[in-house]
Q: 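Sharing a structure here in structure tokens format.
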Amino acid sequence: MRLKIEIERAELRLIELRLVQPFETSFGREEERPALIVALYSDGAVGWGECVASSGPWYSYETATTAWHVLEEFLLPRVLHQELDGPQALWAQLAPVRGHNMAKAALEMAFWDLWAKLKGVSLAHLLGGTKERVESGVSLGIKRTIPELLEEIARRLEEGYPRIKLKIKPGWDLKVLEQVRAHFPDIKLQVDANAAYTLADLPLLKGLDRFGLLMVEQPFAYDDLVDHAALQRELETPICLDESIPSLNAAKAALALGSCRIINIKPGRVGGLTQAIAIHDYCRERGLPVWCGGMLETGIGRAHNVALASLPGFSLPNDLSASRRYWEHDIIEPEFELNEDGTISVPKRPGIGVEVLKERLEAATLRVRSYK
Ligand code: OSB
Ligand code: MG
């Protein structure tokens with residue numbers, strides 16, 4: 001018999017956690033991370049989701065506040081007390097709302113967790129995962145000085161991270177890479193510009209080719225595909241798109257135009273796991289490698305990302321680091337740790353496979369509301 005779920009109650013909870021170290025990108029510096037946590041209750045089980053929207057509209061137009069508004073006014077009313085026979089049915093309910101992928105994803109991912117728990121299987125298994133461990137990588141923010149960055153790279157390699165990603169922006173690019181390659185000639189290295197350049201920077205960007213990078217992530221605007229295609233024609237280094245791929249349709253357009261050779265999939269950016277899998281499948285059929293990006297998630301979002309990254313098309317190192325790289329104390333147990341072989345283990349227990357620590361959640365809460 002097919003399982004049907006009725007969401008009996010939902011809870012929205014805005015929390016704030018302090019990062020163990022500030023994280024600086026081309027669009028700013030973050031010391032605290034808000035996270036809007038969604039809990040869905042049904043039949044004695046609870047499913048957890050995390051909204052990755054930041055406090056301001058920099059990476060995306062969404063913020064934690066717009067996500068709360070859209071969830072409360074438009075998304076939750078479409079799914080509470082509905083008989084839903086799976087995540088695809090939930091997605092169909094959410095689809096009429098345009099955009100607001102981060103708000104949708106938080107709800108959709110909570111539903112996947114709930115669904116997996118009621119079925120008694122791990123989320124990774126339910127998604128079609130094939131790996132027990134996923135390849136880790138670490139994303140390093142912009143520092144005040146190059147020696148400070150070199151010191152952190154050395155420390156992360158020492159900890160066992162097999163791949164380093166560096167944030168770049170105009171003024172923090174080629175001269176930084178010269179130094180990094182002088183000290184670490186053979187490491188797996190890639191860069192992420194978070195849309196800080198334009199086609200006028202073509203001569204500079206061509207200079208990236210001499211550093212043997214795995215990829216350059218999102219050099220141009222969040223809504224551009226055409227200029228990325230022009231750049232990819234001029235570069236040997238593969239372009240990876242992040243911000244420019246909010247949907248399967250965007251992925252189709254990027255492949256058709258030749259805007260990238262790699263896609264970074266973040267479930268929060270694309271509206272959840274159903275869309276993430278659709279993009280994964282589309283890319284896999286066409287031989288385009290994908291990997292799982294991160295948004296400085298708590299253990300809840302990370303558990304979802306780790307489950308997703310266990311799918312076979314995730315063939316490059318992921319922005320999935322250990323809990324302690326982000327937080328002094330994560331809000332889940334057991335925390336995510338880096339294995340000796342540079343991987344993160346995929347939880348095996350039902351659903352996201354980690355336990356949410358209620359006291360930690362309470363301690364970090366700014367605002368909470370229940371919906372029946
Ligand atoms: O562009 O990949 C990005 C963090 C916040 C917003 C955007 C990005 C990032 C990261 C961090 O690079 C990756 C991680 O969570 O480890
Ligand atoms: Mg990125």
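We're numbering straight along the sequence, starting at 1. Every number for a ligand or one of its atoms is a count from 1 in the order of the listing.
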Q: Take Arg324 and Glu335 through the salt bridge (Lys or Arg N to Asp or Glu O under 4.0 Å) test and state the conclusion after the steps.
A: CA-CA 8 Å; Arg324 74 165 70 89; Glu335 294 201 345; 5.8 Å; no
Q: Just to be sure I understand the cut-off, which residues have at least one non-hydrogen atom under 4.0 angstrom from an atom of ligand 1?
A: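 Protein residues near ligand 1 are Phe23, Tyr59, Ser139, Lys165, Lys167, Asp192, Asn194, Glu217, Asp242, Lys266, Gly294, Met295, Leu296, Asp319, Tyr326.
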Q: Do Arg302 and Tyr326 form a cation-pi contact, if we require the NZ or CZ to be under 6.0 Å from the six-membered ring centre and within 45 degrees of the ring's axis?
A: yes
Q: On the six-membered ring of Trp291, is Arg163 placed so that its NZ or CZ lies under 6.0 angstrom from the centre and within 45° of the ring axis?
A: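 Geometry flag: set, cation within 6.0 Å and 45°.
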Q: Do any protein N, O or S atoms sit under 2.8 Å from the Mg ion (ligand 2), and which ones are they?
A: Asp192 OD2, Glu217 OE2, Asp242 OD2
Q: Check this for me: does any side-chain nitrogen of one of Asp85 and Lys4 sit under 4.0 Å from a carboxylate oxygen of the other?
A: no
Q: Is it true that the side chains of Ser247 and Asn249 contain a donor and an acceptor less than 3.5 Å apart?
A: no
Q: Any ion pair linking Glu24 and Arg29 (charged N to carboxylate O, less than 4.0 Å)?
A: yes
Q: Taking the side chain as every heavy atom from C-beta outward, state whether Ser60 and Arg269 have any atom pair closer than 4.5 Å.
A: no
Q: Is it the case that the ring center of Tyr61 lies less than 6.0 angstrom away from the ring center of His100?
A: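 His100 vs Tyr61: aromatic centres under 6.0 Å.
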Q: Looking at Tyr41, is Arg9 sitting on its ring face, NZ or CZ under 6.0 Å from the six-membered ring centre and within 45 degrees of the normal?
A: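 Pair Arg9/Tyr41 counts as cation-pi.
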